Amino acid sequence: MRASGSMKSATSLLLGAAIATAFFLLYTSVHRDLGDGPARSPPPRWTQEKREDGVRAAADRPSNQETVVKGEQEKKDVVTSSDGGGRDGSSSHQQKQQQQIVMPAEQQQNKEKPQDLADLLRRAATADRTVLMTALNEAWAAPGSFLDLFLESFQHGVNTAYLVQHLLVVAMDKKAFDRCNAVHPFCYWFRVEGMDFAAEQKYMKGDYLEMMWNRNKFQQTILELGYTFLFTDVDILWFRDPFPRISPTAQLVMSSDFFVGDPNSAGNYPNGGLLYVKSCAGTIGFYKHWQSSRERFPGMHEQYVFDKIVKEGVPPHLGTKVQFLDTNYFGGFCQHGNDLGKVCTMHANCCVGLENKLFDLKNVLEDWKTYKARAAVGNTEYFSWRVPGRCIH
């Protein structure tokens, strides 16, 4: 009976201990779960990928120090670029110095070294210090315009090709000067402060008067430098050497719109488009008298004043002999010879408008070429200019 009771007591004790142990384990498990919160489901896949991308980005992102250094370097690069630094490794200070040296085109034009007119004359002149001279602006120098036709005529004339070797072209503006340099070796840019002679200067309008009087002053300068000149407008075509028709003793000889038959008569109608002047004290004095007489005839061009002072009589103390050229040899659209076996020049005078002048001069040059071709094969039949034209008659 005792043994059976003891076993019951032991069994009850073990069962109680087991129950207590089970409750302790259950309590511990519940307490852990309550401390960590409720169980969470795994995050969706896009969240995981986003987190992974963030981790990779963080790994790729430079450190704060690297960012600062790179930012400073970028600032330096920007400053260097603004200062003109280049691939050649030159410093910004050196680049600034180079930029200061290279000036805009207009400033370069103003800073260009003045030409040596005396040296240019020396190279262009003949052995007896004579130069052929013309003057033009942009409107007359354009390709296919008067300058080209003018130069072409010397190549088709009789004993005229050599004259181009002694031709000084006086450009009245930068574009005319550049154009001249492209086709001829002796070009001089005659600059007048504050004046622009580039456009077509219509007779007695705009800057026409100033251009003509400044041209006149430039001619005086040539004489003062000791050079004799034969001035020709660029709207004159050349067919024969003029010097056999100019007396070796001549001092000042001007062409005529209308020739009265006497080269010494003040009754001739002067045209300054063709003008021979020997360098001497008398002609230099005459030019000074010519310039000073402008004040007595305000608003008039140099040709008008020339006519007036010649009709008044050249002051005796100057001793200058003034003569005029015969239009049979040195003609123009106003009055010209018809014998092509004698003509030396043809001037597009008595004609208004560049297009009209150019149209008729082109025809005149073609007529001259036809005449030469006929003469070359012995054709002596009468042949002359096609008239009337737009101006020539």
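Just so it is clear, the model here is predicted, and its values are computed rather than measured.
Minimum heavy-atom separation, Phe239 to Thr160: C-CG2, 3.8 Å. Shown here for Asp307 and Ala266, the closest heavy-atom pair between the two residues is OD1-O, 4.3 Å. Residues Leu230 and Trp238 come closest through the heavy atom pair CD2-CH2, 3.8 Å. Counting all heavy atoms, side chain and backbone alike, Lys321 lies closest to Gln251 at N-OE1, 2.7 Å. Heavy atoms only, all atoms of each residue included: Pro270 and Met254 are closest at CB-SD, 3.4 Å. Shortest non-hydrogen contact noted between Ala348 and Cys351 is O-CB, 3.8 Å.
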Inset, instruction - Evaluate the criterion side-chain contact (heavy atoms from CB on, under 4.5 Å) for residue pair Phe330 and Asn271; output intermediate values, then yes/no. - result: CA-CA 11 Å; Phe330 302 94; Asn271 187 308; over 6 Å; no
Inset, instruction - For the pair Glu366 and Lys372, evaluate salt bridge (Lys or Arg N to Asp or Glu O under 4.0 Å) and give the outcome as yes or no after the intermediate values. - result: CA-CA 10 Å; Glu366 289 304 313; Lys372 282 193 67 181; over 6 Å; no
Legend entry - Residue pair Tyr188, Phe218: steps toward the ring-ring contact (aromatic ring centres under 6.0 Å, His included) verdict: CA-CA 11 Å; Tyr188 182 78; Phe218 181 77; 5.6 Å; yes
Inset, instruction - Check step by step if salt bridge (Lys or Arg N to Asp or Glu O under 4.0 Å) holds for Glu152 and Lys362. - result: CA-CA 11 Å; Glu152 182 184 354; Lys362 286 181 177 179; over 6 Å; no
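Judged purely by distance below 3.5 Å, without hydrogens or angles, the side chains of Tyr162 and Asp241 pair a donor atom with an acceptor atom.
At a threshold of 4.0 Å, the pair Lys308-Glu302 does not count as salt-bridged, since none of the basic side-chain nitrogens sits closer than that to a carboxylate oxygen. Salt bridge Asp178/Lys175: absent, no basic N to carboxylate O contact under 4.0 Å. Salt bridge status for Arg386 with Asp367: present, with a side-chain N to carboxylate O gap under 4.0 Å. Using a 4.0 Å cut-off between a side-chain N of Lys or Arg and a carboxylate O of Asp or Glu, Lys342 and Asp326 do not qualify as a salt bridge. Under a 4.0 Å N-O distance rule, the pair Arg296/Glu312 qualifies as a salt bridge.
Judged purely by atom type and a 3.5 angstrom limit, Ser265 has no side-chain atom pairing as donor or acceptor with the backbone of Asp262. Judged purely by atom type and a 3.5 angstrom limit, Thr232 has no side-chain atom pairing as donor or acceptor with the backbone of Leu274. Panel note: side chain Ser255, backbone Leu325; no donor-acceptor pair is recorded below 3.5 Å. At distances below 3.5 Å, at least one donor-acceptor pair connects side-chain atoms of His184 with backbone N or O atoms of Leu167. The main-chain N or O of Arg390 is found under 3.5 Å from a side-chain atom of Asp360 such that the two form a donor-acceptor pair. Remark: side-chain polar atoms of Lys278 are not paired, donor with acceptor, to backbone N or O of Thr283 under 3.5 angstrom. Distance alone, capped at 3.5 Å, places no donor-acceptor pair between the Ser153 side chain and the Leu237 backbone. In this structure, Gln115 contributes its side chain and Trp189 its backbone to a donor-acceptor pair below 3.5 Å. Under the 3.5 Å distance criterion, the side-chain polar atoms of Arg129 are left unmatched by any main-chain donor or acceptor of Thr228. Using modelled atom types, one side-chain atom of Ser292 and one backbone atom of Lys288 make a donor-acceptor pair closer than 3.5 Å.
Note: Met211 CE to Asn216 CG = 12.5 Å, rounded to the nearest 0.5 Å. For the atom pair OG1 (Thr221) and CD (Glu224), the distance works out to 5.5 Å, reported to the nearest 0.5 Å. Between atom OG1 of residue Thr126 and atom CG of residue Leu163 there is a gap of 10.0 Å, rounded to the nearest 0.5 Å. For the atom pair CE of Met133 and CD1 of Ile222, the computed distance is 5.0 Å after rounding to the nearest 0.5 Å. Arg215 contributes atom CZ, which lies 10.5 Å from atom CG of Leu136 (distance to the nearest 0.5 angstrom). The distance from atom CG of Leu149 to atom CG of Asp235, rounded to the nearest 0.5 Å, is 10.0 Å.
Of the candidates Asp233, Asp257, Leu361, His347 forms a side-chain contact (heavy atoms from CB on, under 4.5 Å) with just one, namely Asp233.
Listed by chain and number, the residues in a ring-ring contact (aromatic ring centres under 6.0 Å, His included) with Tyr287 are Trp290 (sequence neighbours excluded).
Phe306 has its side chain within reach of Val322: a pair of non-hydrogen atoms, C-beta onward, lies under 4.5 Å apart. Under the 4.5 Å side-chain criterion, counting only non-hydrogen atoms from C-beta, Gln291 is in contact with Trp213. Here the side chains of Phe286 and Ile309 are in contact, with some heavy-atom distance below 4.5 Å.
When the shell of 6.0 Å around CD of Gln155 is examined, it contains more than 12 heavy atoms from other residues, nucleotides or ligands. Atom OH of Tyr371 has more than 12 heavy atoms from other residues, nucleotides or ligands within 6.0 Å.
Both Leu358 and Leu354 belong to a common hydrophobic cluster when Ile, Leu, Val, Met, Phe, Trp and Tyr are linked at side-chain heavy-atom distances under 4.5 angstrom. In the hydrophobic cluster analysis, where Ile, Leu, Val, Met, Phe, Trp and Tyr join through side-chain heavy atoms closer than 4.5 angstrom, Tyr227 is grouped together with Leu117. Cluster membership for Trp368 and Phe359, using ILVMFWY side-chain heavy atoms within less than 4.5 angstrom, is not shared. Hydrophobic clustering (side-chain heavy atoms under 4.5 Å, transitive across Ile, Leu, Val, Met, Phe, Trp, Tyr) groups Leu120 together with Phe229. The hydrophobic clustering, which links ILVMFWY residues whose side-chain heavy atoms are closer than 4.5 Å, places Ile236 and Phe258 apart.
Residues in residues 145-193 take part in these disulfide bond (SG atoms under 2.5 Å apart) pairs, two or more places apart or across chains: Cys180-Cys187. Residue pairs satisfying the disulfide bond (SG atoms under 2.5 Å apart) criterion with at least one member in residues 226-331, sequence neighbours excluded, are absent.
Cysteines Cys350 and Cys391: SG-SG separation is not under 2.5 Å.
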